There are 2 protein chains.
Amino acid sequence: MTSTEPTGMRPTRQRRAVVDAMESFADFRSAQEIHELLGERGEQVGLATVYRTLQRLAEAGEVDVLRTEDGEAVYRRCSESHHHHLVCRSCGATVEVEGPAVERWTRSIAAEHGYADVSHALEIFGTCPRCS
Amino acid sequence: MTSTEPTGMRPTRQRRAVVDAMESFADFRSAQEIHELLGERGEQVGLATVYRTLQRLAEAGEVDVLRTEDGEAVYRRCSESHHHHLVCRSCGATVEVEGPAVERWTRSIAAEHGYADVSHALEIFGTCPRCS
DNA sequence: GATCAAATGAGAATGGTTGTCAACTCGGAC
DNA sequence: GTCCGAGTTGACAACCATTCTCATTTGATC
């Protein structure tokens with residue numbers, strides 16, 4: 001559950017660099033931005049490697065992934081809380097929301113139908129106060 | 001709010017065809033799938049036009065857009081029918097589920113943040129009994 | 001040090017999506 | 001009905017995030 005947990009990944013210079021870079025910001029960044037950041041830090045890491053590493057980290061649950069409105073994947077070090085997004089249809093303004101009720105509900109629905117390893121995706125759309 | 005509302009779009013054959021096609025399914029489909037569906041229906045509509053039309057409809061709030069896990073945009077007619085899908089990660093088996101609790105929760109969360117015209121998309125993923 | 005699977009990087013390939021632009025259409029003016 | 005201009009279309013090129021390929025390098029183990 002912690003970030004020092006073994007993930008089955010070899011601790012190469014490149015992976016350490018990516019993990020380090022992830023610690024240096026708290027918002028969502030694209031793979032390309034992270035690659036650029038590494039360059040600025042003097043860490044030479046191939047773009048493909050950045051993509052691969054971020055993917056692995058995401059699979060291992062070490063980072064959160066999100067899709068921007070135009071389909072770009074953005075990453076952020078894993079905040080401890082699972083949450084959803086309330087997105088403005090018009091300007092894209094996003095609010096992170098939590099819902100224990102939803103978590104419980106999805107789990108019970110899945111169990112009811114015999115589904116295992118449950119996860120879910122929930123997005124709420126609306127028009128934000130500024131746009132309406 | 002209704003689908004007969006003027007959207008500032010000229011009612012061309014192609015747009016009518018896309019809107020019609022959107023009425024023929026209730027789940028999220030990609031632009032390419034919708035384009036293919038139009039072809040099967042004997043409606044000749046260019047792919048670019050399908051993309052443009054869906055974009056316009058989304059802007060006008062006539063359809064909901066969502067990004068799949070791999071960044072593809074998927075569209076669904078904006079409907080009041082509130083059911084969600086419990087999808088098997090392995091074989092794709094889908095169960096439709098309803099959740100008044102979720103409907104209520106999303107509405108209240110949105111209201112809390114001042115968001116209007118609320119809709120939402122929820123998919124639950126798991127491994128079905130047959131696959132686990 | 002020898003060995004081998006895992007990891008890397010450069011560049012090519014992929015594929016969804018958007019841009020381009022000449023041809024076409026719709027709706028209003030006449 | 002005809003004309004006109006702006007909106008729309010479609011074929012195809014361009015774009016660009018992401019993934020693939022594969023020869024080379026690296027880390028862990030013996």
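No experiment lies behind these values; they were computed from the predicted model shown. Here is the naming used below: chain letters follow the sequence lines, and residue numbers restart at 1 for every chain.
Sorted by first and then second residue, the side-chain hydrogen bond (donor to acceptor under 3.5 Å, both in side chains) pairs with a member in residues 35-44 of chain A read Arg13(A)-Glu43(A); sequence neighbours excluded.
Summarising the geometry, the separation between CG on Asp70(A) and C1' on dG15(C) is reported as 16 Å, rounded to the nearest angstrom. In this structure, Tyr75(B) atom OH and dT17(C) atom P are separated by 6 Å, rounded to whole Å. Atom-to-atom, CD of Glu36(B) to C1' of dG16(C) comes out at 15 Å; the value is rounded to the nearest Å. With rounding to whole Å, Leu57(A) atom CG is found 14 Å from dA7(C) atom C1'. Look at CZ on Phe28(B): it is 18 Å from C1' on dG16(C), rounded to the nearest Å. One interatomic measurement links the two molecules: CZ of Arg56(A) to P of dT8(C), which rounds to 8 Å at whole-angstrom precision.
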- Message: Return a single string for nucleotides 19-30 of chain C, one symbol per nucleotide in 5' to 3' order, where B is base contact, S is sugar-phosphate-only contact and - is none, cutoff 4.0 angstrom on heavy atoms.
- Response: BB----BBS---
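Residues Val97(B) and Leu122(A) are members of one and the same hydrophobic cluster, defined by side-chain heavy-atom contacts under 4.5 angstrom among Ile, Leu, Val, Met, Phe, Trp and Tyr.
The side-chain contact (heavy atoms from CB on, under 4.5 Å) search around Thr49(A) returns Gln14(A), Val45(A), Arg52(A), Thr53(A), not counting sequence neighbours. By the ring-ring contact (aromatic ring centres under 6.0 Å, His included) test, His113(B) pairs with no residue at all, sequence neighbours left out. In this view, Arg104(B) and Pro100(B) satisfy the side-chain contact (heavy atoms from CB on, under 4.5 Å) rule, not counting sequence neighbours. Checked against salt bridge (Lys or Arg N to Asp or Glu O under 4.0 Å), Arg29(A) has the following partners two or more places apart in sequence or in another chain: Asp27(A). Every side-chain contact (heavy atoms from CB on, under 4.5 Å) that Phe28(A) has, sequence neighbours left out, goes to Asp64(A), Leu66(A), Val74(A), Arg76(A), Glu96(A). Considering only residues two or more places apart in sequence or on other chains, Asp20(B) meets the salt bridge (Lys or Arg N to Asp or Glu O under 4.0 Å) condition with none of them. Among residues two or more places apart in sequence or in another chain, the salt bridge (Lys or Arg N to Asp or Glu O under 4.0 Å) test is passed with Asp70(A) by none. For the side-chain contact (heavy atoms from CB on, under 4.5 Å) test, residues two or more places apart in sequence or in another chain that qualify with Ala58(A) are Val63(A), Val65(A).
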- Task: Please report the C-alpha distance between His120(B) and His85(A) in whole Å, then the side-chain angles of each, then the deciding distance to 0.1 Å, and finally whether the ring-ring contact (aromatic ring centres under 6.0 Å, His included) criterion is met.
- Result: CA-CA 10 Å; His120(B) 63 269; His85(A) 295 103; over 10 Å; no
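An end-to-end axis angle of 30° holds for the helix from dG1(C)-dC30(D) to dC30(C)-dG1(D), taken from five base pairs per end and rounded to 10°.
Within the structure, every side-chain polar atom (N or O) of Gln14(B) is placed at least 4.0 Å from both OP1 and OP2 of dT8(D). Contact between the side-chain N/O atoms of Gln44(B) and the OP1/OP2 oxygens of dT9(D) is not found at any separation under 4.0 Å.
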Report all interatomic pairs (protein N or O, nucleotide N or O of nucleotides 14-17 of chain D) with separations under 3.5 Å.
residue: dA17(D); atom: OP2; partner: Gln32(A); partner atom: NE2; Å: 3.4
residue: dA17(D); atom: O5'; partner: Gln32(A); partner atom: NE2; Å: 3.4

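Nearest nucleotide to the side chain of Gln55(B), out of dT8(C), dT18(C), dT17(C): dT18(C).
Contact annotation for Glu33(B): no contact, since no heavy-atom pair falls under 4.0 Å across all strands.
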